[in-house]
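Okay, so here's the structure we're looking at.
Basis for what follows: all heavy atoms, side chains included, without hydrogens, waters or symmetry-related copies.
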Amino acid sequence: MELRRRHVAAAAVAAGESLKIQKHAGDSSIFPLYLTNAVFFGAFFSVAYFLLHRWREKIRTSTPLHVITADESAAIALLVASAVYLFRFFGIGLSRASVDDDLSDEEIIAKEDGRTPGPCPAALSEETAVIPSPIPAKVLFMTDSDSLSTEDEEIIQAVVSGSVPSYSLESKLGDCRRAAVVRREAVQRLTGRSLEGLPVGGFDYESILGQCCEMPIGFVQIPVGVAGPLLLDGREYTVPMATTEGCLVASTNRGCKAIYASGGATSVLMRDGMTRAPVVRFATAKRAAQLKFYLEDPLNFESIAVVFNKSSRFARLQNIQPNIAGKNLYIRFRCSTGDAMGMNMVSKGVQNVLDFLQSDFPDMEVIGISGNFCSDKKAAAVNWIEGRGKSVVCEAIIKEEVIKKVLKTSVESLVELNVLKNLTGSAIAGALGGFNAHASNIVSAIYLATGQDPAQNVESSHCITMMEPVNNGKDLHISVTMPSIEVGTVGGGTQLASQSACLNLLGVKGASKETPGANARLLAAIVAGSVLAGELSLMSAIAAGQLVKSHMKYNRSSRNITNVVS
């Protein structure tokens, strides 16, 4: 061992002398190596681009290619010189590699022992870390290993200059993915900011054309976890949740475990109907009231329903609720929409009815197809009271031993906390539909995973959580009442590959072949059941004083994952 140490020390001295010689040699050069490489790299690609552009112009103008101008001759010479340098630079490494291949094992070991001592890259500290040289803007703005062609460069320059609109790239290029790459590069050059980290490859841009997102430049990655099994109405469901919040999936999963151990949860669908409410105006309030009375007359409903239902084979008008404000009339239509969320479907039906009413009320002025009496993507009492989409109530009885062993709390503590927090606290805050602990957390996570409209989380998260002791105070009855869960299993983002896979995991992908609307109604029930699990777990964590501790454990970054698992 001592001889081995002497050998290493001697090698270190020799390596140190060699390093000094190399350092002096490097100091004697005019430019640093990285700068020289950058100059030749830039010269090679710039000249190549110049020659390709000139030759393309010759082909376009029918000029013979062998006719070379002076600047083209200089460009060719520079291209050859830079190519020779680059081949020579990289060829040294290749020749060394070929020499190493011919060495014996003993010679390779001896050669490795003679390497300059120093830490491996993984062991570099902040003090010893090598600071990388600045990256040229051209390299910084490259996208996902996509090499831009000469034609792409021309289109990018046209987008940057404004001669080609960014929104027209899909139709101009006929390739949605290429359009996204070109648009992304144009955005980087226009803003001067890198989009490194925003992936553009590996996504089907054809699937969103004209449906989900305009002018795409990439896609955002959101991790998807699973909670469950959720035992609901006698069936088990593994619930996908897309979120960036720590503890959320784990907490919901614990709630599912408590529900499962207590025999499961049950759900009831109370209403199913999407709404749209246009606003129309008359010259007088009296005239507006006449249309209101006309719409409220049951004898007129059948003829209006026939006109409305022509918009779709799934749309079926359920009721009309007119409300007057001066000479303005707000008409809230409600209809069933099958397995679709149904906003477009109900809007088409409403437009048919407005056209029909125009014959009997020619003085009616349609101000807007939506007058906010619907009410879409806003917290509103009309949705809290009347409902919108699917109205669901979900309940479960949690056994005393489960509350103690799984949830680490008691029935009395949960009931008291629910009254003071979810009911009284929310009332003091003036909450509208927010009589719960964190229903929107679960709703948003499931909506993102299954391709729902995330903005409809606003009214879909309307929820009141109720808890009370049962069975002589030993067990807990918990329920969530959610009057406006707006979901669909067809259309919109549900047809994207990732979201479709999550719907398939729940067994609600696409339209129901047996009963139209059954898949969407089941999805709404699963959302309510998952909210029930999330409410139960979070309330138990608060009652047991575990909320801060759990977030410190699971919601903070840790490089040593074994500490988190333990």
Side-chain angles (χ1 to χ4, degrees), residues 197-199 202-203 219-232 235-261 264-265 394 396 406-408 436-454 456-457 460-461 463 480 482 485 487 489 493-494 496-509 522-542 546-566:
L198 179 68
F203 187 82
F219 59 96
V220 174
Q221 297 167 311
I222 303 178
V224 178
V226 290
L230 171 66
L231 183 57
L232 178 66
R235 295 175 59 185
E236 296 182 10
Y237 301 95
T238 300
V239 183
M241 302 175 67
T243 182
T244 56
E245 178 183 353
C247 289
L248 179 58
V249 178
S251 178
T252 307
N253 188 67
R254 184 175 76 145
C256 291
K257 179 180 179 181
I259 293 173
Y260 194 101
C394 189
V406 178
L407 303 177
K408 312 299 183 183
N436 58 79
H438 70 149
S440 64
N441 247 339
I442 292 86
V443 172
S444 296
I446 298 178
Y447 273 28
L448 290 173
T450 59
Q452 311 303 313
D453 188 339
Q456 289 184 325
N457 163 71
S460 296
S461 296
C463 171
V480 291
M482 306 181 69
I485 301 178
V487 292
T489 58
T494 63
L496 298 179
S498 301
Q499 289 80 346
S500 180
C502 291
L503 289 170
N504 188 56
L505 177 63
L506 292 171
V508 296
K509 177 182 176 181
L522 177 55
L523 178 57
I526 293 172
V527 170
S530 303
V531 169
L532 183 75
E535 290 288 283
L536 178 63
S537 183
L538 177 59
M539 293 293 287
S540 299
I542 296 175
Q546 299 173 339
L547 180 64
V548 175
K549 182 180 179 181
S550 63
H551 274 79
M552 291 299 101
K553 183 177 181 181
Y554 292 106
N555 203 23
R556 296 179 69 86
S557 175
S558 176
R559 291 185 179 272
N560 189 355
I561 194 66
T562 57
N563 293 339
V564 176
V565 175
S566 61

Would you call [X] and [Y] a side-chain contact if the rule is heavy atoms closer than 4.5 Å?
{"X": "Val220", "Y": "Leu198", "answer": "yes"}
{"X": "Met241", "Y": "Ser530", "answer": "no"}
{"X": "Thr243", "Y": "Val249", "answer": "yes"}
{"X": "Ile442", "Y": "Leu248", "answer": "yes"}
{"X": "Tyr237", "Y": "Leu522", "answer": "yes"}
{"X": "Ile485", "Y": "Val443", "answer": "no"}
{"X": "Val527", "Y": "Ser460", "answer": "no"}

Main-chain N/O of Ala533 paired to Ser537 side chain as donor or acceptor, under 3.5 Å: no
Expected output: side-chain Gln452 to main-chain Ile446 donor-acceptor under 3.5 Å: no
Which atom names give the shortest non-hydrogen contact between [X] and [Y], and what distance separates them?
{"X": "Pro229", "Y": "Glu236", "result": "CB-OE1, 3.8 Å"}
{"X": "Leu232", "Y": "Cys394", "result": "CD1-SG, 3.8 Å"}
{"X": "Asp453", "Y": "Tyr447", "result": "O-CD2, 3.6 Å"}
{"X": "Val226", "Y": "Pro240", "result": "CG1-CA, 4.3 Å"}

Sole residue of Leu231, Thr252, Leu230, Val406 in side-chain contact (heavy atoms from CB on, under 4.5 Å) with Lys257: Val406
